[in-house]
Amino acid sequence: DRPGVEATVADLNHMLHDGPERAWTPPVVTTVAQTGQGVQELWDAVRRHEEHLDGDAGVAVARRQAEREVRVAMMEALARRIEARVDQPQIDAAVDDIVARRIDPWTAAEGLLQPTDQGDGA
C-alpha cells in the first residue's frame, strides 16, 4: 500500500537471486497491514522456512553457525591468552620499532608471540 512497492519488490528479488544458488531463498511477500492482504501468504512462507530448517539443510545451517561460534570463541580465548602473556612495555617497544620503521607490524607481532626462554638452565 506504499508508493514504489513494485520497485522495492523487484529490487529485493534481484538481490535474492543474484549470486550463487542457495539452499533456501526467502520469498518476497507483500502485505497490507490495514486490510490483512498477504498475511496468509507471509505465514505460509514462514512455515515453509521452518520446514526447510527442520530438514537436512537446517542441520547444515546449524553446523555452519556452530562452527562460526567456535571459531569466534577460539579467537577470543587466544586473544585473552596473548594479552596475559605480552605486557605493555613489550607492546610499546614494538610500536616504537614500527614507528621508527625498523620493523613492520607483522614482524613485531611474530616477535611478541615467540616463546620466551624461561631460564630453565637447558
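Since the model is a prediction, treat every value here as computed from it, not as a measurement.
Counting non-hydrogen atoms of neighbouring residues, nucleotides and ligands closer than 6.0 angstrom, the CZ atom of Arg22 exceeds 12 such neighbours. Around CZ of Arg47, the count of heavy atoms belonging to other residues, nucleotides or ligands within 6.0 Å exceeds 12. More than 12 heavy atoms of other residues, nucleotides or ligands shown are found within 6.0 angstrom of CD on Gln90.
Ile91 contributes atom CD1, which lies 10.0 Å from atom CD1 of Ile82 (distance to the nearest 0.5 angstrom). Here the straight-line distance linking atom OG1 of Thr31 with atom CD of Glu41 works out to 9.5 Å at 0.5 Å rounding. To the nearest 0.5 Å, the span separating CG on Leu112 from CZ on Arg85 amounts to 8.5 Å. For the atom pair OG1 of Thr25 and CG of Leu16, the computed distance is 6.5 Å after rounding to the nearest 0.5 Å. Here the straight-line distance linking atom CD of Glu83 with atom CD of Gln88 works out to 8.5 Å at 0.5 Å rounding.
Listed by chain and number, the residues in a side chain to side chain contact (heavy atoms under 4.5 Å, CB included) with His52 are Ala23, Trp24, His49, Ala57 (sequence neighbours excluded). Judged as a side chain to side chain contact (heavy atoms under 4.5 Å, CB included), and not counting sequence neighbours, Glu21 has no contacts. Checked against salt bridge (charged side-chain N to carboxylate O under 4.0 Å, His left out), Asp104 has no partners two or more places apart in sequence or in another chain. By the salt bridge (charged side-chain N to carboxylate O under 4.0 Å, His left out) test, Asp11 is found to be paired with no residue, residues two or more places apart in sequence or in another chain being considered. By the side chain to side chain contact (heavy atoms under 4.5 Å, CB included) test, Arg80 pairs with Glu76, Ala77, sequence neighbours left out. Remark: Glu6 engages no residue in a salt bridge (charged side-chain N to carboxylate O under 4.0 Å, His left out) (not counting sequence neighbours).
Residue Val46 is not grouped with residue Val29 when hydrophobic side chains (ILVMFWY) are merged at heavy-atom distances under 4.5 angstrom, including chains of intermediate members. Hydrophobic clustering keeps Trp106 apart from Leu113 (ILVMFWY residues linked when any side-chain heavy atoms are closer than 4.5 Å, directly or through intermediates). With hydrophobic clusters built from ILVMFWY side chains whose heavy atoms lie under 4.5 angstrom apart, Val5 shares a cluster with Leu12. Val99 and Val86 fall within a single hydrophobic cluster, where Ile, Leu, Val, Met, Phe, Trp and Tyr side chains are chained together by heavy-atom contacts under 4.5 Å. The hydrophobic clustering, which links ILVMFWY residues whose side-chain heavy atoms are closer than 4.5 Å, places Leu42 and Val39 apart.
Side-chain atoms of Arg71 and Arg68, non-hydrogen and from C-beta on, never get closer than 4.5 Å to each other.
Nearest heavy atom pair, residue Ala108 against residue Ile103, reads CB-CD1, 3.4 Å.
Comment: Arg63 does not engage Glu67 in a salt bridge, judged by the lack of any side-chain N to carboxylate O separation of less than 4.0 angstrom.
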